[in-house]
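All values derive from a computational prediction rather than experimental measurement.
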Amino acid sequence: MDIKIIRSKRKTLSLSVTKEGEVIVRAPLHLKEDKILKFIEDKRGWIEKSLAKIMARNNFKDSFDFKNYIYLLGEKQSVNNFNMAAGKISTKPSKTQMKDTFNVFYEKLYKEYAKKYLNKRVQEIAQTIGLNYKDLKICKSKRIWGSFNKDGSMKLNFKLIILPKPLIDYVIVHELCHGVQLNHSPKFWALVGQTLPNYKLLKKELENYGFLL
């Protein structure tokens with residue numbers, strides 16, 4: 001296990017694991033090495049668990065092929081078949097139009113599908129659970145799946161359209177509940193749980209798709 005130790009003017013030890021799987025220990029400048037090694041050994045279980053989780057997420061990420069497939073609502077279709085069916089894409093992307101995890105060449109298509117599906121689905125869910133919102137904007141964000149402003153306006157990331165329907169519904173319910181509780185207090189999660197009793201599992205599954213942001 002490779003561990004990077006960074007010494008600085010600090011008073012305590014800290015441990016972190018990056019999304020790339022790098023283990024980093026931050027230590028005081030003059031702390032003896034044996035104390036650092038003992039700290040690492042005491043945290044070995046946590047480190048191994050964290051690395052296993054990161055490896056699983058990276059394997060999940062690698063299972064997506066945005067160059068050859070279109071992903072909508074948790075299902076994939078080959079680019080060629082989708083082109084024939086939808087008639088919206090006539091050329092394939094160049095290398096400069098590709099990203100590591102998401103193909104910007106198809107961004108317009110994803111946005112079009114997201115606008116239609118999410119607007120309709122938000123209306124359906126809001127009506128079903130009796131929670132209101134002022135308006136909805138389909139946005140592009142590298143940090144969040146959605147947000148809810150205190151004035152009642154709601155934003156949803158267009159990349160939600162790639163996720164399975166239950167995860168999309170979770171994000172929608174999550175944001176609508178912020179119309180009642182603009183926080184993540186126990187009251188907020190209790191409200192989410194009234195509609196989605198399995199929200200904890202959905203929340204955990206959503207984390208696997210963080211690479212899309």
Side-chain angles (χ1 to χ4, degrees), residues 60-61 63-94 96-182 184 188 191-192 195-196 198-199 202-203 205-213:
F60 180 75
K61 169 185 171 181
S63 70
F64 285 80
D65 178 2
F66 285 100
K67 183 176 180 179
N68 296 301
Y69 292 94
I70 297 291
Y71 295 85
L72 292 171
L73 305 178
E75 298 182 0
K76 70 177 183 180
Q77 302 179 49
S78 75
V79 168
N80 291 331
N81 291 340
F82 193 85
N83 289 351
M84 295 172 63
K88 293 194 176 189
I89 307 171
S90 58
T91 58
K92 287 190 175 183
S94 64
T96 58
Q97 291 170 315
M98 296 295 294
K99 283 187 175 182
D100 290 340
T101 57
F102 183 74
N103 185 347
V104 294
F105 185 79
Y106 301 122
E107 188 168 301
K108 183 178 179 180
L109 180 144
Y110 281 112
K111 286 181 177 178
E112 289 178 356
Y113 274 81
K115 186 175 182 179
K116 293 177 182 177
Y117 181 85
L118 294 177
N119 272 288
K120 180 180 179 182
R121 191 60 182 147
V122 169
Q123 291 177 14
E124 293 172 345
I125 293 177
Q127 185 176 7
T128 299
I129 65 179
L131 295 179
N132 300 316
Y133 65 102
K134 181 180 178 181
D135 53 52
L136 172 65
K137 180 180 179 182
I138 307 303
C139 67
K140 178 180 181 180
S141 174
K142 294 182 179 180
R143 300 184 301 107
I144 57 174
W145 290 113
S147 65
F148 197 99
N149 196 288
K150 61 183 179 181
D151 67 1
S153 59
M154 183 175 174
K155 291 183 179 179
L156 292 177
N157 195 320
F158 80 91
K159 290 184 181 179
L160 280 171
I161 199 65
I162 297 171
L163 277 53
K165 291 181 180 180
L167 296 185
I168 297 175
D169 285 355
Y170 163 71
V171 174
I172 293 173
V173 171
H174 183 115
E175 299 308 330
L176 286 172
C177 287
H178 277 312
V180 179
Q181 295 285 336
L182 279 172
H184 288 105
F188 167 79
L191 187 60
V192 174
T195 302
L196 299 172
N198 64 333
Y199 76 86
L202 295 171
K203 183 175 181 289
E205 186 178 348
L206 181 63
E207 294 175 357
N208 292 328
Y209 291 86
F211 71 92
L212 289 171
L213 296 174

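- Summarising the local packing, NZ of K111 is surrounded by more than 12 heavy atoms from other residues, nucleotides or ligands at distances under 6.0 Å.
- Within the model, atoms CG of L131 and OG1 of T195 stand 6.5 Å from one another, a figure rounded to the nearest 0.5 Å.
- Minimum heavy-atom separation, K165 to L73: CE-CD1, 3.8 Å.
- Put simply, the side chain of F66 reaches to within 4.5 Å of the side chain of L212, judged on heavy atoms.
- One finds the OG1 atom of T128 at 10.5 Å from the CG atom of L176 (value rounded to the nearest 0.5 Å).
- Taking CG of L196 as the reference point, atom CG of L202 lies at 6.0 Å (rounded to 0.5 Å).
- Of the candidates I129, V180, V173, L191 forms a side-chain contact (heavy atoms from CB on, under 4.5 Å) with just one, namely V180.
- In this structure the side chain of V171 reaches within 4.5 angstrom of the side chain of L160, judged on heavy atoms.
- At most 12 non-hydrogen atoms from other residues, nucleotides or ligands lie less than 6.0 angstrom from CD of Q127.
- The aromatic rings of Y71 and F64 sit tilted relative to each other, their planes meeting at an angle between 30° and 60°.
- With values rounded to the nearest 0.5 angstrom, K116 atom NZ is found 13.0 Å from I138 atom CD1.
- Although no hydrogens or angles enter the test, the distance criterion places no donor-acceptor pair under 3.5 Å between the side chain of N68 and the main chain of S78.
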Inset, instruction - Using the salt bridge (charged side-chain N to carboxylate O under 4.0 Å, His left out) rule, take E107 and K140 through it: C-alpha gap first, then chi angles, then the decisive distance, then the call. - result: CA-CA 10 Å; E107 188 168 301; K140 178 180 181 180; 3.3 Å; yes

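- To the nearest 0.5 Å, atoms CD (Q123) and CG (L118) are separated by 11.5 Å.
- When all heavy atoms of L213 and S141 are compared, the closest pair comes out as CD2-O, 3.9 Å.
- No more than 12 heavy atoms of other residues, nucleotides or ligands lie within 6.0 Å of CD in E75, so this atom counts as exposed by the packing criterion.
- Ring geometry, F188 versus H184: the interplanar angle exceeds 60°, so the pair is classed perpendicular (tilted spans 30 to 60°).
- In this structure, I168 and L163 approach most closely via the heavy-atom pair CD1-O, 3.5 Å.
- Residue Y69 qualifies as open at atom OH: its count of foreign heavy atoms under 6.0 Å is 12 or below.
- Closest non-hydrogen pair, Q181 versus H178, comes out as O-ND1, 2.9 Å.
- Between H174 and Y199, the distance separating the two ring centers is not shorter than 6.0 angstrom.
- By the 4.5 Å heavy-atom criterion applied to side chains, L206 and N208 are not counted as neighbours.
- Rounded to the nearest 0.5 angstrom, E205 CD and K203 NZ are separated by 13.0 Å.
- Summarising the geometry of L156 relative to V122, their closest heavy-atom pair is CD1-CG2, 3.7 Å, with the distance given to 0.1 Å.
- Centroid-to-centroid, the aromatic rings of Y113 and F158 stay 6.0 Å apart or farther.
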Taking distance alone, no hydrogens or angles, what donor-acceptor pairs closer than 3.5 Å link side-chain atoms of residues 145-154 to residues at least two apart or in another chain?
unit_1	atom_1	unit_2	atom_2	d
N149	OD1	D151	N	3.1
D151	OD1	S153	N	2.9
D151	OD1	S153	OG	2.7

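- In this structure, the side chains of N157 and I144 stay at 4.5 Å or more apart for every pair of heavy atoms.
- Within the 4.5 Å cutoff, the side chain of I70 has heavy atoms near those of the Y110 side chain.
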